[in-house]
Structure formats: C-alpha cells, structure tokens
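What follows is a single structure, written as structure tokens, with notes after it.
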Amino acid sequence: MFRCASIILVAILAAGCTRIKPEAPARTTVDSTLTVPLSELNVPVFFPIAELEKIANSKLTAKVFEAKVPLSKNNDTLDLAITRFEPVKLAYNGKRGITYVLPMRVDGHLRSRVAGIRVQNKKPVTARVIITLYSDLYLDRDWNLAPQTKLMNLEWVEEPRVNVAGIKVNLRGPLERALLQNESKMTDKLDATIKESAKIRQSIEKLWHDIQKPIRINRQVVPVWLKADAEDMNARLIFHSKDTLVIEVGLKTRIQTILDSANNPPEKKGLPGFRIKPDNSPGMVAYVKATVPFSKLNEVLRQVTDTMRLRVNGREIRVKEVEVYGTTGGVAIRLLLRGDLRAEVYLRGKVGFDSTEHRVVIDDFGFDMNSDQALLAAADWLTHDVIIDRLQPYLSLPMRHTFDALPALITKGIERGKLGSKIDLFIPQWTVGVEHTLITRTDIQLIVVARGLAAVQLEKALFSKQTMTRSKKTN
C-alpha cells in the first residue's frame, strides 16, 4: 500500500515539474494589404424655404431698380424708381420650381412739354403692382444655385395715374412696357440674392472637407478613429416637401479604422465639380476596412494576462507570456504557463464575425494537437475551457461602434450655419457582414460591409430652439 501511494505522489510531482514545449504552428509569411472598396453614402442637405425667404428679404435691397421711360416723340419721359413695399414671398413646388411674389411700389416724375414749356408734376406718380416671377432651380459646375427666373404676371393693386395740364392720364401701359423691358434687372438681382442666400457651395464644400476628418469611435484600452477618404461627389435636387428644398449628395469614399489620428492627417482635396446624380437612392453601402495589428493586440493581452491566475481543483497556474500571431490557417496563441504547470502551449483559432453583436471574433478555439497531448499527459486536471474562457473576451473587435458612428461621420460635415439645416441622420438597421479577411505576418485585416436605409430628423427652425420632428423619407 505504501508503495502504491509513493508511485502516485511521484507521478503528481513529475507532472508539476515537467516542462511542456510542443512544436509551434508555422507563422504566415503573407505581407499584403486589402484594398477598401468605394462606399456609397447618400447625404441629404436641407434648405428650409421659410429660412431662405427670411435671408433673401434681408439681402434684397428695398430699391430694385430705376429707369427712364420715354412716353412720346416730344421727349416726354417718366423717371421711375421701383421699390418693395412688403417682403418677398417664396413658394416652392417641392420639385424644382420656385415662385417669387414681389409687392412693388412705383414712384415716378413725369417730364413733359406743354405749349413749348417743360413741366414736371410736383406730386410723384405712384402705383402698386404685384409682380410674380418663376424660376427653375439648377446647380452650376461650381455647386452654386443657378436659378433661371422669368416674369410671369403683373397685377396692379393701384394703377398709375397722373394729372397733366388738367388731363388725367393712365400710365399703366407705358409702365408695363418699362417693367418688361427691365425684366432682366429684376431677375438678375433676384437670382443673385437667392444664390447668395442659399450658399449651397459653402454647405457642400464643408461636407466634403469635414467628412474626411477622423471621428473617434473607441476611447477604451485602444483609441480607435473612423476615417473617410472622399474620392468623388455628385448631387441632385429631389422631391421632399413644399416647405424644404432638398439636395441629395452622393458621396463615394473609402472608410477605414485607424489607431492614431495624428499620424493620419486628412489629405486636402479640392471639391470636385458638380455632376448630376444619376439615381435617387437613399440607401447606404459602407465598406469599412478594420486593421488589427498583432503588436497592438498582444499589448492588450499582456496587460490582461499580467495578473491572470487560473485556479482549478485546488491548483493554480499563471500566464507569464502571451502572443497572438498569424498562421496559414488562421491565428495561433502562444501561452507560457507557470505555477503548478510549467508549459508552453499553443491554441489555434479562426477569424469570424458575430452578425448579431456586430463583432469580429477569434473563435473555433482548440489547443494545437501537440499541446493538447502534452497537457493531457502532464495535467489532466486542466481542461481546455479554463484557459479559453478567460481569454475569449479579449479576442474580439466590436464593430457596432464603427457603424453607429457613420451617421455622425456624415452629419458632422453638413453645414450647420444659417441655411445648411441641422439634421440627425440615423440608420435604424444595418445589415452587416464580413466581405474579406486577410491574415498577414503583422496584422489581421477585414473588410466589413454594412447596408441600410437612412432616415432623417430635421430641425426646421434653425433660429429658434424647437423640438426636432421626423421628416418624410426621401422618395
């Protein structure tokens, strides 16, 4: 009996002292880089008509134009001054057309010759007329609004009459001819006012530059930024509602995660010339390249395992060293264990994607065959799950924050000044999956694709603090 107990004790001591060092899985020698496909983001930029009208009235001077109108072959003339007596009213048809209603006051002095004597009326000729103009809105090559306005109607509220040498004369005919002859003065001034009020290029250019600035998506353990590299842009006017002018901007960009924004300053690219967007698709197709350097992953794991203790059946082991590296079939994790078991073991795993949690994971873990046999021979009390369960939480890359940050990446670039309306853009549901995976000798590279429909919340009153209301979806 004593002899049997001695044999068992020796076996246990031998297991505790045996050094296990199986052959390491071969390291991959791949040294390539995945190319990020172009993402297609459709960004709505809002211009509320009420705010456009307000700014247009503040910029349009009271005096619209002056003119000298010939009345007869006797050099009878009428000196006119055309001014606004009420604010301009704007009405948008929700598609492309905008109507302007200009309440105009006409003041004039008649210069006439009676019995060979030049006379001038002391009391000016006065009249009031409602001028209606219509414009089809376009964007020019420089992303500026290029309205094409024309006069549609004249409605006299107060007709122009004057008393000359006791004779009452109605000057409606000459005045209408004068207004038609000077139509370009009105339309040019109005077009310039609307163009300056909307400042579409300013909004689009700000979107183009700001969307390329990195946005931080993770502050814990390893700081991570999301960075977009814009390559092209087009746009079109789309139907939204009669109270809001909407330009849908199509942005093509390459998106990736980076670990140091300071070392990746955005390249300054000039805004490309305007091109008409060929379709009206409110969807988002975002390809994001995520790169996980093994050096950074190992740095995190070392911090985690530095104080890690595994206690099983009254025994204790600690992880002295840990290293993750790439293999031809996936990844390997080298563990140097100390304590009641002194061993160097290897786990093999594969890179996968948890579509429910939007998380890139290293799973399908198992000990390398040589390690497995060595552990079973030396310490059958240590099950596989003990080590795997402790390391698993640190062997994943959450992507949810990446896609949650995409709306912020987009909307932070939208002009939040006078007319570029403040919006909240959100994607109620992304369909996310891994497009490509590449394991190299230095890192894990993934192309993750997300598809979704964009919904928009619009703050219609930019100059007052009103509750944001949900706008209609773009059709």
Any carboxylate oxygen within less than 4.0 angstrom of a Lys/Arg side-chain nitrogen, looking at Arg105 and Asp107?
yes

Test salt bridge (Lys or Arg N to Asp or Glu O under 4.0 Å) on Glu196 and Arg201 and set out the steps.
CA-CA 10 Å; Glu196 184 181 355; Arg201 179 182 174 87; over 6 Å; no

For Ala235 versus Phe274, what's the shortest heavy-atom pair and its separation?
O-CE1, 3.4 Å

If you apply the rule side-chain contact (heavy atoms from CB on, under 4.5 Å), what do you find for Val351 with Ile444, and how did you get there?
CA-CA 9 Å; Val351 176; Ile444 301 172; 4.2 Å; yes

Passes side-chain contact (heavy atoms from CB on, under 4.5 Å), Arg177 versus Leu180? Steps please.
CA-CA 5 Å; Arg177 287 193 296 273; Leu180 290 172; 5.8 Å; no

Do the non-hydrogen side-chain atoms of Trp143 and Glu205 ever get within less than 4.5 Å of each other?
no

Could you state the interatomic distance from CD1 (Ile82) to CG (Leu175), rounded to the nearest 0.5 Å?
7.0 Å

Cut-off 3.5 Å, side chains only: do Glu176 and Trp156 have a donor facing an acceptor?
yes

Answer yes or no: is there a donor N or O on one side and an acceptor on the other, between the side chain of Arg254 and the main chain of Val36, under 3.5 Å?
yes

In sequence, state the C-alpha distance, the side-chain angles, and the governing distance for Ile447 and Val288, and then conclude on side-chain contact (heavy atoms from CB on, under 4.5 Å).
CA-CA 6 Å; Ile447 302 294; Val288 179; over 6 Å; no

Using a strict threshold of under 4.0 Å (side-chain N to carboxylate O), is an ion pair present between Glu299 and Arg302?
no

Can any side-chain N or O of Gln445 pair as donor or acceptor with the backbone N or O of Leu34 at less than 3.5 Å?
yes

Is the side chain of Glu183 donor-acceptor paired with the backbone N or O of Leu151 at a distance under 3.5 Å, no angle test?
yes

Would you check if Ile200 and Asn144 make a side-chain contact, meaning some heavy-atom pair closer than 4.5 Å?
no

Would you check, one step at a time, whether the test side-chain contact (heavy atoms from CB on, under 4.5 Å) holds for Val125 with Arg161?
CA-CA 7 Å; Val125 178; Arg161 293 184 173 88; over 6 Å; no

Arg275 and Arg141 have their tightest heavy-atom pair at CG-NH1, 4.4 Å

All heavy atoms of Leu90 vs all of Glu53, minimum pair found to be N-OE1, 2.7 Å

Donor-acceptor under 3.5 Å (Thr193 side chain, Lys59 main chain):
no

If every non-hydrogen atom of Ile247 is compared with every non-hydrogen atom of Leu237, which pair is closest and at what distance?
CG1-CD2, 3.5 Å

Closest heavy-atom contact between Leu80 and Val106?
CD2-CG1, 3.7 Å

Pairwise side-chain contact, Tyr100 with Ser135, heavy-atom cut-off 4.5 Å (strictly under):
yes

Tell me whether the NZ or CZ atom of Arg441 lies within the 45° cone about the ring axis of Tyr325 and under 6.0 Å from its centre.
no

Please check if the side chain of Thr187 supplies one atom and the backbone of Ser184 the other of a donor-acceptor pair under 3.5 Å.
yes

Residues Arg172, Glu159: salt bridge by 4.0 Å N-O rule:
yes

How about NZ on Lys350, more than 12 heavy atoms from neighbouring residues, nucleotides or ligands closer than 6.0 Å, or not?
no

Is the number of heavy atoms from other residues, nucleotides or ligands under 6.0 Å of Lys269 NZ greater than 12?
yes

Could you tell me whether the side chain of Tyr92 reaches within less than 4.5 Å of the side chain of Thr244, counting heavy atoms only?
no

Is there a side-chain contact between Thr257 and Lys289 in this structure, where contact means two heavy atoms from C-beta onward sitting under 4.5 Å apart?
no

Drop me the distance from Glu248's CD to Ile238's CD1, to the nearest 0.5 angstrom.
4.5 Å

Is a side-chain N or O of Asn57 found less than 3.5 angstrom from the main chain of Val88, in a donor-acceptor match?
yes

Could Asp136 and Arg96 be called an ion pair, given the rule that one side-chain N must be under 4.0 Å from one carboxylate O?
no

Rounded distance (nearest 0.5 Å) linking atom CD of Glu40 with atom CG of Leu251:
10.0 Å

In Å, rounded to the nearest 0.5 Å, how long is the span from NE2 of His436 to OG1 of Thr35?
9.5 Å

Before you tell me yes or no, could you show the steps for Thr149 and Asp191 under side chain to side chain donor-acceptor pair (under 3.5 Å), namely the whole-Å CA-CA distance, both residues' side-chain angles and the distance that decides it to 0.1 Å?
CA-CA 7 Å; Thr149 306; Asp191 288 348; 2.4 Å; yes

Should the pair Lys199-Glu51 be classified as a salt bridge under the 4.0 Å nitrogen-to-oxygen rule?
no

Lys227 to Gln212 - nearest heavy-atom pair and separation
CG-O, 4.2 Å

Should Pro147 and Ile98 count as side-chain neighbours, where that means a heavy-atom distance under 4.5 Å?
no

CG of Leu139 to CD1 of Ile204, rounded to nearest 0.5 Å, is 8.0 Å

Check: Thr83 and Met104 side chains under 4.5 Å, non-hydrogen atoms:
no

Is the shortest heavy-atom distance from the side chain of Thr132 to the side chain of Thr99 under 4.5 Å?
yes

Hey, what do you get for NZ (Lys189) to CG (Leu102), rounding to the nearest 0.5 Å?
10.5 Å

